[in-house]
Amino acid sequence: MVRYLKKHSGGNMQQKIVPIYEPVKIEKKWQKTWEDLNQHKAVIDPDKPKHYALTMLPYPSGNLHIGHWYAITPSDAHARFMRMNGYNVMFPMGFDAFGLPAENAAIKNNIHPKQWTFQNISHMREQLKTMGCMFDWDREIISSEPDYYHWTQWFFLKLYENGLAYQKFSPVDWCPTCNTTLAREQVWGDDRHCERCETPVIKKDLNQWYFRITNYADELRSFDGIDWPERVQTLQNNWIGKSFGALVTYKTEYGDPLEVFTTRPDTLWGVTFMVLAPEHPLVAKLTRSENSEAVQKYIDQAKFHTDIQRESLDREKTGVFTGSYAINPVNEERIPIWIADYVLMGYGTGAVMGVPAHDQRDFEFARKFGLKIRVVIQPEGTELLDADTMTASVPAIGAMVNSGDMTGTPGDEAIDKVIDWLEERQIGKRTTTYRLRDWLISRQRYWGAPIPIIHCPKCGIVPVPESELPVRLPDDVEWKPTGESPLRLHPTWKHVNCPKCGEPAERETDTMDTFMCSSWYHLGYLSPYYPNWPFKQEEYDYWMPVDIYTGGIEHATMHLIYTRFFHKAFRDIGILKGNEPMLMLRNQGTVLGEDNEKMSKSRGNVVDPDKLVNSYGADTVRAYLMFFARWELGAPWNSSGIEGSSRWIRRIWSTVLEPAETKKNIDPEVFKVLKRRIYQTVASVTRDFQHFQFNTIVSSLMEMLNEMIKAKNAGAYGTTEWNEAVDIYLRLAAPIIPHITEELYALLGNSGSIHLAQWPEMDEEAAKEELITLVVQINGKLRGRLVLPAGSSEEVVKEEAMKLESVSAMLDGKEPKKLIVVPNKLINIVV
RNA sequence: GCCGAAGUGGCGGAACUGGCAGACGCGCACGACUCAAAAUCGUGUACCUUGUGUAUGUGGGUUCGAUUCCCACCUUCGGCACCA
């Protein structure tokens, strides 16, 4: 029911009644209508170009916050824009529903994680609906549904079959609060804390499952054919960390050959010692009996060190001599082998050649333990280096000295030449090393997809047969204060018979990292819970790849790298096509609290979207979020700023609906300007949508409304020209503010939804300005303006400019040196 | 230390390919309406020493002309870091 409150009388017109703008009512009505009409259902249509718009799915934490709105509603506006431009658009939504907070809630509030999760989902689904987005709810997926994690487990088995999943016993990062291991990507900051709870991690020796993401290190560095922000590319490339260099083999006196990786083979003649990581497998063999006590003590200490985390950043170098020696293959020199914890087992070969003159870490180590220093590089323009007096290493590239046959090789070719030299003699080879480690996916938690593996005392690791998937989580579990996984403690769940030999065996009790679930959810939307395969092939062939993916940049080195790895691996396994899952990526920034700080309950600076929607309506919240900052940067919230968007929307309402007197003899210029401005707006709004510049879309629409009000005041209301402008205006605004535009579209007598209408076509002719204001500069400074017909020739511009009083006064009889004319823009007179 | 992003009025921001710096909005001031207030509408709003004036973090450079291109530096934010 519409309440008619405002009465209007314009001049001699009859009294008219105008409905009042009640956003909440209108929005509810249209959301229901769209749902009833199935307007957002995405169905394969071979006659239309497809557009798969994807936004990162939320974790069902319990409540939607303003950040969700900021991420999702502009993505929706863009999807709507694409639909009006003739694309068959799919814009799905779902829930990343496994994960630790559900378990923490279980422990704290004695509620089952499943119940907690599904309660939150039903609440958040309703909150999401208030956004008025074009979600196709028929495609919703929830990653904790057995029919979903069935396929998460199936993907695991495929990786295992293809040698891309393996189990390894080694020291791993353990979060003592979350009681689970973490992937390297989830350990952040100087103090190496848990990404989720910020507790510093400790090291534990555990048998864990890994995915061979390192097989794809090189390919992941390439972003060919996809349009992803430079920023994300840089973050991923830093994370992967490619280094070029050489692998050099040293002989040892009492053991096996020792391989080292170096990016500076040109310094090989400056090697005066060798350092191994404490965990290096050759340590035991190389340690001489008279040194073994000291070495053992050092190793124990090193372990203790990592456990209490590495304290300070300027750690003093520590180390111990093994008693044995290696032979430098380039000059047959005998060099001592040391052990030190500044060498990491996880990178390169876990052994490093010490070049104190040209590496700062080696320099500090050599000075501390009185090891030899030898200069072998002399960079151009620096003083002659002297090993005895130098106070720091000189890592710069430079000509080689004291290097046998290679002495004199210039710096710019030294590395390459030395590697050739090593390869000829078969003592080393060209190599690339990556910082990226394999992805640790085991979690010692209950609320995740169980790893579908059975450990048999006879057969070893046996994968669960595909026909037995999904391996379901048991519901009857309890949490012990020890923090141990309830799966491990469950009395019966883990006991099964080996699928191979039939003898009693045990299930793997670890579950998978939730990033495994989100690595393929874009495929889950194609055909939710389809029982025969992870997706229906025809859906895949039509919709994939994702055309536009939007979400936060915080996932740059986690989800966004995992999902690319996942796609490439399954391309090679033969399940997916193409090299990349998502063609275009755009990241939104962060909405901060009004105090310019990160929003948090403890700070009390949290903005509640539900409250805003209730008082302003979803359209205003959407418009303000798109207007108030550059989307990719974000900004602090400003609660008085939203008033501006609210005013704009209410003014659209009154400008369109409140009648005004139509003048008989309107200046035809009014219509010309109105038409020109509306088509200029078509141009700028279209362009800005293509570039994800939502803030300028809204500001051009605000400007256009101001123009329309001018035309209305000049008497244009109700004319054909006016109605045309209103029609175009509503269609331009529809993706941003879908409810009010739909309501006005209907009130103006249109049938059908504005969102299924065509995007306004551009009329270049109408948009052209007839008169142009040219800027007249003298020596680059503004000195006057000229109004001339568009396209005036250079001669005319020059002539007219010279006639200007301000110009002649400035010239004072002098002849201009030069005249620069930029057509339709300016003339610069150089004196 | 390395890599990246950003620095423009009181505030958020705009300026498309090197061409009128400050669009649009907030805030503020004044006015209209009102008994009054709110809402709404209208006008104004970079700065100063008021002029051939200054101004886009600072200092240089290229150019007829620079927020935009180049060099050096400063600040803030983010990532990486004993990675050989």
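All values below were derived from every heavy atom in this structure, side-chain atoms included, with hydrogens, water molecules and symmetry-related copies excluded. A, B, ... follow the sequence lines: proteins, then strands. Residue 1 opens every chain. All figures in this text were calculated on a predicted structure; none of them were measured in a lab.
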Pairs: protein N or O with nucleotides 66-72 of chain B N or O, under 3.5 Å:
none

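- Taking 4.0 angstrom as the limit, Arg647(A) places a side-chain polar atom (N or O) nearer than this to OP1 or OP2 of U40(B).
- Annotation: Phe694(A) is in aromatic contact with Trp631(A) [ring centroid separation under 6.0 Å].
- When the side-chain nitrogen and oxygen atoms of Arg650(A) are compared with OP1 and OP2 of U40(B), one or more of them lie within a distance under 4.0 Å.
- One atom, CH2 of Trp648(A), and another, P of U40(B), lie 16 Å apart when rounded to the nearest Å.
- Counting atom types as modelled, Asn238(A) pairs no side-chain N or O with a base atom of C80(B) as donor and acceptor under 3.5 Å.
- The P atoms of C82(B) and A15(B) are separated by 41 Å, rounded to the nearest whole Å.
- Across G19(B) and A66(B), the matching P atoms stand 11 Å from one another, rounded to whole Å.
- In this model, the phosphate group of G25(B) is approached by a side-chain N or O of Asn706(A) to a distance below 4.0 Å at OP1 or OP2.
- Checked against a 6.0 Å centroid threshold, the rings of Tyr342(A) and Phe365(A) count as neighbours.
- The base of C80(B) is not paired with the side chain of Arg435(A) by any donor and acceptor separated by under 3.5 Å.
- Position along RNA chain B of the nearest nucleotide to Arg783(A) versus Val775(A) favours Val775(A) as the more 5'-ward residue.
- Aromatic pair Tyr624(A)/Trp69(A): ring centres not closer than 6.0 Å.
- Using a 4.0 Å heavy-atom criterion, one finds that Asn695(A) contacts the sugar-phosphate atoms exclusively.
- Not one N or O on the side chain of Arg651(A) forms a donor-acceptor pair closer than 3.5 Å with the backbone of Leu705(A).
- The side chain of Arg630(A) places no N or O atom within less than 4.0 Å of a non-bridging phosphate oxygen (OP1 or OP2) of A15(B).
- Taking atom C1' in both A55(B) and G7(B), the straight-line distance is 15 Å, to the nearest Å.
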#### Entry: Secondary-structure notation, RNA chain B, from Watson-Crick and G-U pairs under 3.5 angstrom (| other strand)
(((((((..(((......[....)))((((((.......))))))(((..).))..(((((..]....))))))))))))....
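- Applying the 3.5 Å distance criterion, the base of C83(B) shares a donor-acceptor pair with the side chain of Arg437(A).
- Regarding Glu632(A), its CD atom lies at a distance of 12 Å from the C1' atom of G13(B), rounded to whole Å.
- The aromatic rings of His555(A) and Phe515(A) lie perpendicular to each other, with more than 60° between the two planes, well past the 30° mark.
- Considering only side-chain N and O atoms, Lys781(A) lies under 4.0 angstrom from the phosphate OP1 or OP2 of U54(B).
- Looking at heavy-atom distances under 4.0 Å, Gly641(A) makes contact with sugar-phosphate atoms alone, never a base.
- Across U8(B) and U75(B), the matching C1' atoms stand 15 Å from one another, rounded to whole Å.
- Side chains of Phe223(A) and Asn237(A) form a contact here, defined as non-hydrogen atoms less than 4.5 Å apart.
- Using a 4.0 Å heavy-atom distance criterion, Gly784(A) is classed as making no nucleic acid contact.
- Of the residues in residues 257-267 of chain A, Phe261(A), Thr262(A), Thr263(A) come within less than 4.0 Å of RNA chain B through at least one heavy atom, sorted by number.
- For Thr433(A) and C83(B), the shortest distance from a side-chain N or O to OP1 or OP2 is not below 4.0 Å.
- Comparing the P positions of G9(B) and C48(B) gives a spacing of 14 Å, expressed to the nearest Å.
- A gap of 23 Å separates the C1' atoms of G10(B) and C77(B), to the nearest Å.
- On a pure distance criterion of 3.5 Å, a polar donor-acceptor pair joins the side chain of Lys317(A) and the base of C82(B).
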